[in-house]
Amino acid sequence: MLGKWKKIACPHDCPGGCIMEARYDVPSGSLEFRNIEKKYGINGFCSKGLRWFERRRHPLRISTPLLRGESSFYPISWQKAWDLWARALEEGLRRSGPLGNALYQSAGSLYFSKNFLSSLHGALGGYTTSKGNLCSSAGNQGLRNCFGQVPVQPLDVLEREGKSLLFWGRNVRENHLPLLPLARKLRNRGGKMGVVEIRNTPTVSWCDDQWFLAPGGDCFLAAWLCKRLLEERRASASWSERVENPEEFASFLESLEEEQLLVRGGISRKEAMSLYQWLLDSAPVTHYLGYGMQRYLHGELQAWWIGALAVLSGAFQVPGAGVVFGKNEMARFPASLLSEPSSMRSFPEGCFWQSLEKANPSVHTLAIFCGNPVKQAPRGKEIARIIQNLSFSVCSDFTLTETARCCSLVLPSLFFFEEGPDWRGSYSHSFLCRTETLLPPPEKSLGDLEILEGLATTLGLSLSPRELLHRMDSMLLEDEKLEERENSLYFWEEPNFWSQSSSSAKLPVTLPRLHFTGEGRGLFEFRLITYHVQQYINGQNWDLPEEPYPPVYLSSEDARKIGLVSGDMVRLRSSGNSEGFVAMAEIDPKMRSGYCAMPQGIPLVNTLTVPMVSPGYGVPFSENFVRLTKE
């Protein structure tokens, strides 16, 4: 007999926050799914999300704690695992104080309960951790510079009042599918879809109009557009009323040379004028920022200048004329449940591992949750060595990932549908989903909070992560700002930044001094760009068939210079990976000369990236160079 229908939400760090319903038949072990999209405009799971259910019985899934031996891992009991971890933490405290114990947590799951993963380290007095993230830190910083916060424009507002969308490097057709129904509605009432890109993507052919520029050139193009709007008096008549520094901004724009802006943006005057006219004809335009456009050392300026362009185009005066990048999916999380540790040290995400190795006081233990940094972060081989050299390291995961294999102890965790109750928000819609246990968990696996519960007991702490979860659930169920639309689905009326009378902006009065500032320029002539693709989530997907030779895209001009055609084998090397690896060349006629592009998440690609930090603690993946030679 089939069980009752239950809501489930995809845990991926992805714009969707997709929700669907499922029910489980205990005798047969079968699952049945259904979408709720028609009723609420919320997407069901894509193939990437549905793969979670295929993994539950995957032969590579681990189901018992594993301890590293001389030649391999071997199973141990949970109590033995907790004893070893507890002794390591106590030794870290003895040697270096609270900062001797480090915690690394990434975005492998965006469920609310993951906010409590730091609670045990906090109860021990503090810890060393990372700040910033692999994805959106620099762009968020630029928007905070511009608006004092990351502005939110709820999609239901955009659906009612918006018209046209301009995607600055956002590959919506592949990586933001929940936005497509809204885009179709806007098109049906006369809106246009445009895209500014550095390469060909599925979104390019889907959009009505396209413009191509050099990597990192978005801020120069946006500055040029701002200058034209002011010089031709086509900016919103009251744009300056909500701006803190209108005279300084206008004066800075006046000092800029138009041709130099276009050269540095990598776009012709004809193309730039075409975009300028499009913005005027297609208004109001919502600017959708992508993640690649802020992965430079000047990543915050990319977002800041696009924010300025939106202000001049009437973002504060005209409904639907604003900026969208992301938002805090956990905005309704009851932060009062978290206590500030008495001692805390944080290193920027981009150079976290190198800083960890050199830290003083030194780090003795490391716990890793919801991430696979050996595959995700710059110079993964170096990260593997750093983890292996620590006195003790533990990773919670459901398979032996590249990172888990480097650790002293690996603990088997649960999938989101094997736990509950828990909560998930989204930045594609204004709903929160409360999930319950859908499937029985494997006999010896535990959820992350249950793992920490056992460790807290072993350490003799009064902390109960399980109790924190229950208190969170009760507080959210009683949250007066949440309206239950149906069982386990809650809507909240998000504040619209653009319609608030108190909202204002401070516009940029600087531009990057250098166009290329990466490591190794001269020896390594091609700037390496890595980009999101639909099948991968920042390197977290391990169960896809691997291509023997990953693709590397380059321009027609560069292919002619090297003597390449699509399908030729090439070797990529960087200053951090002198041996490099072999990839298959693909020609992209939309690309400019001087850079190559590879998908993120594939094996080896992050052995070529460089550990650097940009404002906002961003990780400038696109600020490094490689040598590309024909095999």
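Numbering starts at 1 and runs along the sequence shown. Every heavy atom of this structure was used, including side-chain atoms; hydrogens, water molecules and symmetry mates were not.
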Nearest atoms (heavy-atom pairs only) where [X] meets [Y]:
X      : Y      : answer
Gly420 : Thr437 : N-OG1, 3.7 Å
Ala367 : Trp85  : CB-CZ2, 3.8 Å
Pro550 : Ile602 : CB-CD1, 3.3 Å
Pro599 : Val533 : CB-CG1, 3.7 Å
Asn115 : Leu338 : O-CD2, 3.5 Å
Ile8   : Phe33  : CD1-CE2, 4.3 Å

Between Asn606 and Gln376, does a side-chain hydrogen bond (donor to acceptor under 3.5 Å, both in side chains) hold up when you go through it step by step? CA-CA 7 Å; Asn606 281 336; Gln376 293 173 295; over 6 Å; no

Are the side chain of [X] and the backbone N or O of [Y] linked by a donor-acceptor pair below 3.5 Å?
X      : Y      : result
Ser393 : Ser408 : yes
Thr399 : Thr401 : no
Ser396 : Asp448 : no
Arg56  : Phe417 : no
Arg295 : Pro620 : no
Lys630 : Asp568 : no
Glu586 : Val552 : no
Thr201 : Thr203 : yes
Arg424 : Tyr111 : no
Arg592 : Phe212 : yes

side-chain hydrogen bond (donor to acceptor under 3.5 Å, both in side chains), that's the test. Do Gln141 and Gln294 meet it? Break it down for me. CA-CA 10 Å; Gln141 182 63 46; Gln294 48 96 66; over 6 Å; no

Atom pair [atom1] ([X]) and [atom2] ([Y]), whose distance is rounded to the nearest 0.5 Å:
X      : Y      : atom1 : atom2 : answer
Leu390 : Phe392 : CG    : CZ    : 11.0 Å
Trp168 : Cys219 : CH2   : SG    : 9.5 Å
Leu366 : Asn101 : CG    : CG    : 9.5 Å
Phe416 : Lys114 : CZ    : NZ    : 11.5 Å
Ser614 : Tyr296 : OG    : OH    : 12.0 Å
Cys135 : Gln600 : SG    : CD    : 7.5 Å

Taking the ring of Phe369 and the ring of Tyr104, is the distance between their centroids below 6.0 Å?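 Distance test on ring centres: not under 6.0 Å, no.
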
Is the Tyr291 to Phe325 ring centre distance short of 6.0 Å? yes

If we check side-chain contact (heavy atoms from CB on, under 4.5 Å) with Leu455, which of these qualifies: Leu411, Val394, Leu120? Leu120

Do [X] and [Y] come close enough that some side-chain heavy atom pair is under 4.5 Å?
X      : Y      : result
Pro65  : Pro412 : yes
Pro202 : Asn171 : yes
Glu547 : Met584 : no
Met569 : Tyr549 : yes
Val619 : Pro378 : yes
Ile562 : Leu628 : yes
Ile198 : Leu213 : yes
Trp353 : Pro373 : yes

So, [X] and [Y]: side-chain donor and acceptor under 3.5 Å apart, yes or no?
X      : Y      : result
Thr609 : Asn624 : no
Ser428 : His176 : yes
Asn140 : Ser137 : no
Arg345 : Thr128 : yes
Asp422 : Thr435 : no

Yes or no on side-chain contact (heavy atoms from CB on, under 4.5 Å) for Glu349 and Tyr617, after CA distance, side-chain angles and deciding distance? CA-CA 7 Å; Glu349 176 76 36; Tyr617 309 109; 5.8 Å; no

Between Ser574 and Asn577, does the side-chain hydrogen bond (donor to acceptor under 3.5 Å, both in side chains) criterion hold? Intermediate values first, please. CA-CA 5 Å; Ser574 73; Asn577 185 354; 5.5 Å; no

Chi angles and distances behind the side-chain contact (heavy atoms from CB on, under 4.5 Å) call for Leu608, Phe581: CA-CA 10 Å; Leu608 302 175; Phe581 58 87; 3.5 Å; yes

Is Glu91 salt-bridged to Arg95, going by a charged N under 4.0 Å from an acidic O? yes

Would Arg527 and Glu623 pass as an ion pair if we require N to O under 4.0 Å? yes

With sequence neighbours excluded, tell me which residues meet side-chain hydrogen bond (donor to acceptor under 3.5 Å, both in side chains) with Tyr127.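 With sequence neighbours excluded, Tyr127 shows a side-chain hydrogen bond (donor to acceptor under 3.5 Å, both in side chains) to no residue whatsoever.
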
Residues forming a side-chain hydrogen bond (donor to acceptor under 3.5 Å, both in side chains) with Ser391, sequence neighbours excluded: His364

Decide side-chain contact (heavy atoms from CB on, under 4.5 Å) for Tyr531 and Arg199; before the verdict, give the C-alpha distance in whole Å, the side-chain angles of both, and the deciding distance to 0.1 Å. CA-CA 10 Å; Tyr531 57 87; Arg199 65 185 186 92; 3.0 Å; yes

Give every donor-acceptor pair under 3.5 Å between a side-chain atom in residues 355-363 and any protein atom, sequence neighbours left out.
{"unit_1": "Ser355", "atom_1": "OG", "unit_2": "Cys351", "atom_2": "O", "d": "2.9"}
{"unit_1": "Glu357", "atom_1": "OE1", "unit_2": "Arg385", "atom_2": "NH2", "d": "3.4"}
{"unit_1": "Glu357", "atom_1": "OE2", "unit_2": "Arg385", "atom_2": "NH1", "d": "2.6"}
{"unit_1": "Glu357", "atom_1": "OE2", "unit_2": "Arg385", "atom_2": "NH2", "d": "3.4"}

Determine whether more than 12 heavy atoms belonging to other residues, nucleotides or ligands lie under 6.0 Å from atom CZ of Phe53.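 Check passes, neighbour count above 12.
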
Atom NZ of residue position Lys80 - does it have more than 12 heavy atoms of other residues, nucleotides or ligands inside 6.0 Å?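 Not more than 12 within 6.0 Å, no.
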
Does the side-chain contact (heavy atoms from CB on, under 4.5 Å) test come out yes or no for Thr129 and Phe347, once each step is laid out? CA-CA 6 Å; Thr129 191; Phe347 300 126; over 6 Å; no

Measure from NZ or CZ of Arg61 to the centre of the six-membered ring of Phe415 and say whether it is under 6.0 Å with the direction within 45° of the ring axis. yes

